[in-house]
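Have a look at the structure below before the remarks.
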Amino acid sequence: MKLSAATEFPDMMMRSIVVLIFIAFLAITSAVKIKIDGTHQPKNGGVTAATAFQIGTGIYDITGPAAETGMMGYAMPGQVTGGIHFRLRARAFVFIDANGNRAVYVSTDSCMIFQAVKLEVIQLLQAQFGEDMYSADNVLLSGTHTHSGPGGYSMYALYGITTLGFYKEHFNAICNGIVQAIVQAHNSVQPANMFAQQDELWNTNINRSPTAYLNNPASERAQYDADVDKNITVIRFEDQSGNPFAALSFFAVHCTSMNNTNHLISGDNKGYASYIWEKSVNGNSTLPGKGPFIAAFGQSNEGDVSPNTMGAKCPDGTPCDAPDSTCNGKNEGCIAHGPGKNMFESTQIIGTNQYEKASAMFETASIPITGAVQYRHTYLPMTNVTVNPPFSSSNTSATTCRAAMGYSFAAGTTDGPGAFDFTQGDNNTNGNPFWNFISRFIAVPTEEQKQCQSPKPILIDVGMTQPLPWTPDVIPIQIVAIGNLILCAVPGEFTTMSGRRLRNAVRDTIAAGIENPIVLVAGLANTYSGYIATFEEFEVQRYEGASTIFGPHTLGAYIQGFVEMAQSIVDKTEFPAGPTPRNMTGHTFFLLPPVVYDEAPGSKFGAVYRDVQSSYSIGEVVSVIFYGGNPRNNYMTESTFLTVDLKNSDGSWTTILVDGDWDTRMYWNMHDLAQSLFTIEWNVEANYLPGTYRITHSGYAKESVFSDKLTPYSGQSSEFTITA
Ligand SMILES: *[C@@H]1O[C@H](CO)[C@@H](O)[C@H](O)[C@H]1NC(C)=O
Ligand SMILES: *[C@@H]1O[C@H](CO)[C@@H](O)[C@H](O)[C@H]1NC(C)=O
Ligand SMILES: *[C@@H]1O[C@H](CO)[C@@H](O)[C@H](O)[C@H]1NC(C)=O
Ligand SMILES: *[C@@H]1O[C@H](CO)[C@@H](O)[C@H](O)[C@H]1NC(C)=O
Ligand SMILES: *[C@@H]1O[C@H](CO)[C@@H](O)[C@H](O)[C@H]1NC(C)=O
Ligand SMILES: *[C@@H]1O[C@H](CO)[C@@H](O)[C@H](O)[C@H]1NC(C)=O
Ligand SMILES: *[C@@H]1O[C@H](CO)[C@@H](O)[C@H](O)[C@H]1NC(C)=O
């Protein structure tokens with residue numbers, strides 16, 4: 001029977017609400033400096049030379065709603081946005097080869113790219129540039145996996161549950177920001193060269209499921225010096241005169257340095273690495289996101305890789321029970337920390353490590369990237385792919401399964417433990433009666449499904465929900481080759497060993513057509529479909545295995561597809577497009593109420609609620625509180641909710657910091673039902689000049705319940721001095 005959207009909608013919404021309430025219940029009960037441009041010697045001695053490519057770059061704000069919006073990553077109801085630490089950006093690269101073939105890579109400071117985002121971005125690009133220039137095939141969108149950005153931009157229910165559904169305005173802001181970054185890149189193409197450098201970066205990532213990793217064959221593990229990839233790759237972009245204008249780095253580590261108690265929007269460790277590198281090159285007088293130099297820190301195979309390098313410990317400081325990451329049988333206490341004394345310092349340290357290593361490698365990057373721009377893209381019907389040897393982990397062929405989440409999914413990870421009463425590695429299908437009820441309410445797994453997913457005990461049969469699955473099932477895979485730089489765009493979180501197997505398989509195949517290929521995994525790209533653990537890791541059913549939704553042969557199916565695409569590049573053949581993904585437009589719900597109205601005493605939006613002191617010394621934190629309007633009214637995209645201004649000798653003001661800067665924090669909270677309070681802090685580090693300063697706040701207020709009209713406002717603190 002074919003149901004119309006109108007009848008599907010209430011049913012799906014009702015089920016979602018029930019699940020939402022249970023999840024909310026669980027949440028409540030659970031305890032829970034290197035100067036680049038001046039000093040570098042151009043490789044060719046400054047002589048204008050033939051270049052391998054035309055390359056353009058772009059950067060644009062994708063920050064989104066800074067209030068009341070569920071944050072994406074920890075699936076933690078109650079972790080909603082309440083301000084901004086620093087802004088989120090999309091960083092785009094357009095590559096064109098000598099024959100005019102082009103491809104696009106975008107790294108976004110977002111948790112992941114959802115299918116709807118990719119489809120929408122392509123539609124917007126085609127509306128602007130026609131259908132031949134940019135398509136799903138030659139545009140690669142990747143997320144850095146920050147867990148401190150607002151969510152609600154997935155049209156599929158599972159990834160919208162803790163964000164109360166699909167937030168259209170936010171989705172539009174992300175898609176538009178990505179498109180604007182690509183348009184900038186499109187318009188700035190210039191003759192350019194690329195040079196690569198590969199090295200290792202230690203003390204910056206650890207494996208958070210080492211017992212699952214250990215289930216991979218010993219002979220395979222013996223080929224590597226660690227249970228996470230220490231490899232880091234940097235690409236240096238130079239113009240025709242040998243001057244660098246951009247950097248792109250890949251290193252596998254979760255952006256979970258900020259933990260699930262954080263409410264400030266933040267790019268986490270990779271966002272910080274980009275921020276600090278761009279600032280060091282563009283100079284202090286260039287505001288963040290505005291300078292010409294762009295440094296993107298792309299995500300890779302980070303599935304089982306944590307930045308919390310002190311590892312997981314119980315509250316009393318003792319190590320957790322390794323196989324299931326519990327303390328006295330409970331998972332909530334087992335939390336990974338470090339290396340900093342708090343999450344802000346940890347973010348800064350892990351970000352600085354990536355920045356310092358990458359920028360040092362950048363100086364000596366010398367492996368030339370040359371050749372054609374090529375790409376292959378296909379959609380796989382992941383509910384039922386036949387996986388043949390040698391990709392099937394046995395002598396016979398195997399198949400993938402309809403999507404399902406295992407019990408360990410609900411346990412969360414040591415970067416952010418989930419609801420109580422679940423432990424990783426649990427194989428007990430008679431587990432929690434409560435969750436059994438929920439999962440049965442959504443869909444009862446069939447015997448066939450249980451067998452297909454074995455040994456995963458099924459908690460939520462997300463692929464069997466009616467009338468629509470809760471997760472996507474037609475999944476894109478893509479290879480973008482910029483000469484000998486080969487980017488494998490993977491639709492989720494590949495674990496360390498999954499990424500190594502993929503890279504090796506693609507390298508072995510593509511080397512027949514492309515010399516010295518540098519094969520990299522571009523993670524969380526184009527569509528999100530959970531984790532991708534190896535067959536052996538799946539057996540162990542920790543969080544990553546439980547979240548490998550298409551069953552034990554998920555990785556095999558992807559590697560098989562990637563190898564076929566690599567072969568097609570070697571053979572110079574066309575590659576089948578595969579089935580068309582479902583269009584989810586019109587099948588979404590959203591339960592977060594809109595901003596009803598804003599109130600401020602005497603309607604004085606921007607008025608000071610608590611003023612600054614008259615004087616601060618270096619090392620102190622300046623703080624002021626303003627009345628304002630809900631930041632959801634206007635995201636202040638490419639602008640700022642705050643400025644820190646320095647008074648010049650002629651009495652004029654120069655803005656030195658905005659809400660995109662690391663040293664400022666903006667906390668938002670609701671006061672007296674409809675009043676928005678903005679607490680703005682400036683951490684006066686040693687590098688600021690003594691002088692007279694002020695802090696300003698700007699935003700938009702919705703002054704009437706009966707009108708959608710938004711009124712811009714701004715206000716400022718009293719002047720204050722900074723003394724040495
Ligand atoms: C999805 O459907 C909507 C209307 O239902 C349409 O406007 C949109 O263009 C479609 N998207 C794609 C990618 O086809
Ligand atoms: C990691 O980098 C080293 C060089 O530092 C290289 O020998 C090794 O092959 C790389 N490993 C992977 C998995 O790419
Ligand atoms: C820029 O800021 C850095 C620290 O953030 C400081 O060390 C440096 O002196 C500043 N440079 C200029 C030109 O103001
Ligand atoms: C998060 O980090 C803060 C320090 O910044 C720490 O106090 C808190 O315990 C951490 N919480 C979790 C759940 O990791
Ligand atoms: C999977 O595909 C095969 C053909 O490739 C078909 O025979 C089988 O019925 C399909 N199974 C499901 C569950 O759709
Ligand atoms: C695969 O088949 C070969 C020969 O048919 C056999 O020797 C080998 O044991 C089989 N391997 C597995 C994993 O079944
Ligand atoms: C569950 O795990 C226990 C101990 O780890 C093991 O003895 C048992 O065979 C497993 N059961 C299933 C159904 O896999």
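Numbering of ligands and ligand atoms starts at 1, following listing order.
For F589 and H587, the ring centers are positioned 6.0 Å apart or more.
Looking at N342 against ligand 4, both its backbone and its side chain come within 4.0 Å, counting heavy atoms. Contacts of N262 with ligand 4, taken as heavy-atom pairs under 4.0 Å, are absent altogether.
Short contacts between ligand 4 and I335, defined as distances under 4.0 Å to a heavy atom of the residue, involve ligand atoms 13 (C), 14 (O). Listed by atom number, the atoms of ligand 4 under 4.0 Å from N260 heavy atoms are 13 (C).
Among residue pairs with one or both ends in residues 330-349, those qualifying as ring pair (Phe, Tyr, Trp, His ring centres under 6.0 Å) are H85-F344; sequence neighbours excluded. Counting only residues at least two apart or in different chains, salt bridge (Lys or Arg N to Asp or Glu O under 4.0 Å) contacts with residues 74-86 are absent.
For the atom pair CG (L264) and CH2 (W668), the distance works out to 12.5 Å, reported to the nearest 0.5 Å.
Other residues, nucleotides and ligands place no more than 12 heavy atoms under 6.0 Å from the CG atom of D708.
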Working for salt bridge (charged side-chain N to carboxylate O under 4.0 Å, His left out), residues D473 and R402: CA-CA 8 Å; D473 44 8; R402 286 172 190 274; over 6 Å; no
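C320 pairs with C334 as a disulfide, the SG atoms being under 2.5 Å apart.
When the ring-ring contact (aromatic ring centres under 6.0 Å, His included) test is applied to F86, the partners found at least two apart in sequence or on another chain are W662.
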Which N or O atoms of ligand 1 sit under 3.5 Å from a protein N or O, and how far apart is each pair?
from     : atom 1 : to   : atom 2 : distance (Å)
ligand 1 : 2 (O)  : N583 : OD1    : 3.4
ligand 1 : 2 (O)  : N583 : ND2    : 2.3
ligand 1 : 9 (O)  : Q123 : OE1    : 3.4
ligand 1 : 9 (O)  : Q123 : NE2    : 2.7
ligand 1 : 11 (N) : Q123 : NE2    : 3.4
ligand 1 : 11 (N) : N583 : ND2    : 3.0

